[in-house]
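Right, one structure below, let's go through it.
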Amino acid sequence: MIQASKHRRSTRSSKMVSWSWKTRTQQILQKKLVREFLAEFMSTYVMMVFGLGSVAHMVLSKKHGSYLAVNLAFGFGVAMGVHVAGNISGAHMNAAVTFANCALGRLPWRKFPVYVLGQFLGSFLAAATIYTLFYTAILHFSGGQLMVTGPVATAGIFATYLPDYMTLWRGFLNEVWLTGMLQLCLFAITDKENNPALPGTQALVIGILVVTIGMSLGMNTGYAINPSRDLPPRIFTFIAGWGKQVFSDGENWWWVPVVAPLLGAYLGGIIYVVFIGSTIPREPPKLEDSVAYEDNRITVSSKMEPHTSMASRLTPVSMSPDNRPSVRLAPTLQESMAQEQF
């Protein structure tokens, strides 16, 4: 009996601990910043797995891969990422986009490290996934050597490298320009006061934007245009055996896909805000109230524009003696009749 009682107490205690752990985990996962971190992590992982996988096809097998396929895979990967996290974090999947939104006041700076950490971890894990899936193909193609340059180089599967015909600073300018185009168009696609993408089509349109940039301007530097896309996989290749050359190659090219996109996204965002966003006429706030009076009862029905708080729409019709706003109601039917008699 004593042993049975102890066993029941032990089972009950373990269930309580398990329930408490699950409840605590759910509470943590429901916090806004945690949800945004996980959203950026998962959306970036999805984008990068599809994108890096297409590059692996192009590098390792001319039969199964092509430059067009890389552009399409990254574009549709971005579209899938937007579906994964669009309504939670905005699905930036790009540290440069996050930086531009913070610098222009569209996102608080306290969220910047949360978003970027999620993006970097998702990108790093995606690189590890592609390495695992294509490990035997990589070794077969390269003859067992992990090379950064040369005819059997495979480091380009994971990160971008400067071609021989490009100089470092021309590559820097190229990345600034491309990321500026990306950010300018992103602001246009999502600007509800201009001509945004139709509801439900934003993910597809953003994906088409990425495909367009790659197919028209991606040859020179591989259009990294995203620190979260380039740096974490490069770090992974350093760890996995490609060595220090992943950082030193191309006149230490590695820092350009990190710094240039930040500058480019900021400039592109400013150009849109100053030359397009600030010139769009903004309609004044509207509040349409219909008031019905019957037997001293007042019924008010208001139609307000969506996404606008009541406090920002109301305008006081009079001021009280202590300078506090007050609203004067129309007289009732009986009060009107009494006023007419006098």
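Nothing here was measured: the structure is a model prediction, and the numbers come from that model. Both backbone and side-chain heavy atoms feed into the values below; hydrogens, waters and symmetry mates do not.
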Where at least one partner belongs to residues 162-187, residue pairs that pass salt bridge (charged side-chain N to carboxylate O under 4.0 Å, His left out), sequence neighbours excluded: none
Donor-acceptor pair, side chain of Ser66 and main chain of Ala69, under 3.5 angstrom: yes
Joint cluster assignment, Leu60 & Met48, ILVMFWY side-chain distance < 4.5 Å: yes
For Trp177, all residues meeting ring pair (Phe, Tyr, Trp, His ring centres under 6.0 Å), sequence neighbours excluded: none
Nearest-0.5 Å distance that lies between atom CG in Leu121 and atom CE in Met42: 12.5 Å
Plane angle bin for Tyr131 and Phe158 - parallel if under 30°, tilted between 30 and 60°, otherwise perpendicular: tilted
By side-chain contact (heavy atoms from CB on, under 4.5 Å) - contacts of Phe172 (at least two apart): Trp169, Val176, Trp255, Val256, Val259, Ala260, Leu263
Set of side-chain hydrogen bond (donor to acceptor under 3.5 Å, both in side chains) partners for Tyr161, sequence neighbours left out: none
Mutual orientation of the aromatic rings belonging to His92 and Tyr115 [parallel < 30°, tilted 30-60°, perpendicular > 60°]: tilted
Using distance only, find each side-chain donor-acceptor pair of residues 135-145 under 3.5 Å and give its atom names and separation, not counting sequence neighbours.
unit_1 : atom_1 : unit_2 : atom_2 : d
Ser142 : OG     : Ile138 : O      : 2.8
Ser142 : OG     : Gln145 : O      : 2.7

Nearest-0.5 Å distance that lies between atom CD1 in Ile280 and atom CG in Asn194: 4.0 Å
From Glu251 atom CD to Met166 atom CE, the distance as rounded to the nearest 0.5 Å: 11.0 Å
Set of side-chain contact (heavy atoms from CB on, under 4.5 Å) partners for Ala91, sequence neighbours left out: Val82, Ala85, Met93
Whether Trp254 and Phe247 hold their rings parallel, tilted or perpendicular, with breakpoints at 30° and 60°: perpendicular
Partner set under side-chain hydrogen bond (donor to acceptor under 3.5 Å, both in side chains) for Glu40, not counting sequence neighbours: Ser89, Gln119
Pairs satisfying ring-ring contact (aromatic ring centres under 6.0 Å, His included), at least one member in residues 37-78, at least two apart: His57-Phe134
Donor-acceptor pair, side chain of Thr98 and main chain of Asn94, under 3.5 angstrom: yes
Residues in side-chain hydrogen bond (donor to acceptor under 3.5 Å, both in side chains) contact with Gln202, at least two apart in sequence or another chain: none
Hphob cluster co-occupancy, Leu68 + Val70, side-chain heavy atoms under 4.5 angstrom: no
Residue pairs passing the salt bridge (charged side-chain N to carboxylate O under 4.0 Å, His left out) test where at least one lies in residues 100-112, sequence neighbours excluded: Glu36-Lys111
N/O donor-acceptor pair under 3.5 Å between Ser228 side chain and Ala95 backbone: yes
Using residues 207-214 as the side-chain source, report each donor-acceptor pair under 3.5 Å to any protein atom, sequence neighbours left out, with the distance given to one decimal.
unit_1 : atom_1 : unit_2 : atom_2 : d
Thr212 : OG1    : Ile208 : O      : 2.7

Approximate separation, where rounding is to 0.5 Å, of Phe187 CZ and Leu104 CG: 5.0 Å
Exercise: identify the closest heavy-atom pair between Thr279 and Val274: CG2-O, 4.2 Å
Side chain to side chain donor-acceptor pair (under 3.5 Å) contacts in which one or both residues fall within residues 230-243, not counting sequence neighbours: Thr154-Trp242, Thr160-Asp230, Asp230-Arg234
Tyr165 atom OH: more than 12 heavy-atom contacts under 6.0 Å: yes
